[in-house]
Amino acid sequence: QVQLVESGGGLVQPGGSLRLSCAASGSFFTINTVAWYRQPPGKQRELVASITGGGTTNYADSVKGRFTISRDNAKNTVYLQMNSLKPEDTAVYYCYAGIQTRKFFSENYFWGQGTQVTVSS
């Protein structure tokens with residue numbers, strides 16, 4: 001059984017920084033593209049950033065230049081470094097990953113449980 005566990009959320013003042021982690025556990029062959037999504041209060045879930053297995057990254061316009069997504073394949077972990085945080089970054093942040101559970105199998109998609117980020121003075 002594959003699980004994604006996010007951590008690193010919390011309360012931070014505007015202009016501050018947080019680093020989120022998404023760790024995969026269980027039995028699997030490889031982790032392909034991983035994305036961070038967020039869902040602000042009362043709004044729909046939106047894509048924040050993604051990183052492919054080869055390290056190609058993509059960002060929402062609203063976070064470009066402030067957020068950085070990275071991965072440590074040896075630790076099966078993807079990070080989201082968030083700098084210059086704004087109140088509008090307040091949301092529950094989720095990671096989403098395409099994971100091949102076995103070699104030659106198609107990938108399956110998994111969500112983490114989410115971690116709350118609150119930006120407020």
Going through the checks in order, is the side chain to side chain contact (heavy atoms under 4.5 Å, CB included) test met by Arg38 and Val92?
CA-CA 5 Å; Arg38 66 185 180 187; Val92 179; over 6 Å; no

Out of curiosity, [X] [atom1] to [Y] [atom2], how far, rounded to the nearest 0.5 Å?
X: Ser84; Y: Lys86; atom1: OG; atom2: NZ; answer: 8.0 Å
X: Thr115; Y: Leu20; atom1: OG1; atom2: CG; answer: 6.0 Å
X: Gln1; Y: Ser27; atom1: CD; atom2: OG; answer: 10.5 Å
X: Tyr93; Y: Ser7; atom1: OH; atom2: OG; answer: 15.0 Å
X: Asn58; Y: Leu47; atom1: CG; atom2: CG; answer: 6.5 Å
X: Phe28; Y: Gln100; atom1: CZ; atom2: CD; answer: 11.5 Å

Single-linkage hydrophobic cluster [X]~[Y], side-chain heavy atoms < 4.5 angstrom:
X: Phe110; Y: Val34; result: yes
X: Leu4; Y: Ile51; result: yes
X: Tyr94; Y: Phe67; result: no

Looking at side-chain heavy atoms only, is the closest gap between [X] and [Y] below 4.5 Å?
X: Arg66; Y: Asp89; result: yes
X: Leu80; Y: Val48; result: yes
X: Val119; Y: Gln13; result: no
X: Pro14; Y: Pro87; result: yes
X: Thr101; Y: Asn108; result: yes
X: Val78; Y: Trp36; result: yes

For residues Ser17 and Gln81, report the shortest heavy-atom separation together with the two atoms involved.
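Closest approach of Ser17 to Gln81: CB-NE2, 4.0 Å.
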
Reference residue Tyr79; test side-chain contact (heavy atoms from CB on, under 4.5 Å); the match among Asp72, Ile69, Thr68:
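Of the listed options, the one satisfying the test is Asp72.
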
I need the single residue from Leu11, Asn83, Leu85 that forms a side-chain contact (heavy atoms from CB on, under 4.5 Å) with Leu18. Which is it?
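Checked Leu11, Asn83, Leu85 against Leu18; only one passes side-chain contact (heavy atoms from CB on, under 4.5 Å): Leu85.
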
Check against side chain to side chain contact (heavy atoms under 4.5 Å, CB included), Val117 and Thr90:
CA-CA 5 Å; Val117 171; Thr90 295; 5.9 Å; no

Heavy-atom donor-acceptor pair, Glu6 side chain to Cys95 backbone, under 3.5 Å:
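Yes; at least one donor-acceptor contact below 3.5 Å.
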
May I ask you to decide if Lys75's main-chain N or O and Thr77's side chain share a donor-acceptor pair within less than 3.5 Å?
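Indeed, once roles are kept as given, a pair shorter than 3.5 Å links the two residues.
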
A quick test of your reading: do over 12 heavy atoms of other residues, nucleotides or ligands sit less than 6.0 Å from CD of Gln113?
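It does: Gln113 CD has more than 12 such atoms within range.
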
Hey, can you tell me if Tyr109 and Tyr96 have their rings parallel, tilted or perpendicular (30° and 60° cut-offs)?
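Answer is parallel, since the angle falls under 30°.
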
Would you check, one step at a time, whether the test side chain to side chain contact (heavy atoms under 4.5 Å, CB included) holds for Ile31 with Asn76?
CA-CA 8 Å; Ile31 304 171; Asn76 296 320; 3.9 Å; yes

Is the shortest distance from a Lys or Arg side-chain nitrogen in Lys64 or Asp61 to a carboxylate oxygen in the other one below 4.0 Å?
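Asp61 and Lys64: salt-bridged.
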
Please test Trp111 against Tyr37 for side chain to side chain contact (heavy atoms under 4.5 Å, CB included), starting from the C-alpha separation and ending with a verdict.
CA-CA 10 Å; Trp111 286 97; Tyr37 283 78; 3.7 Å; yes

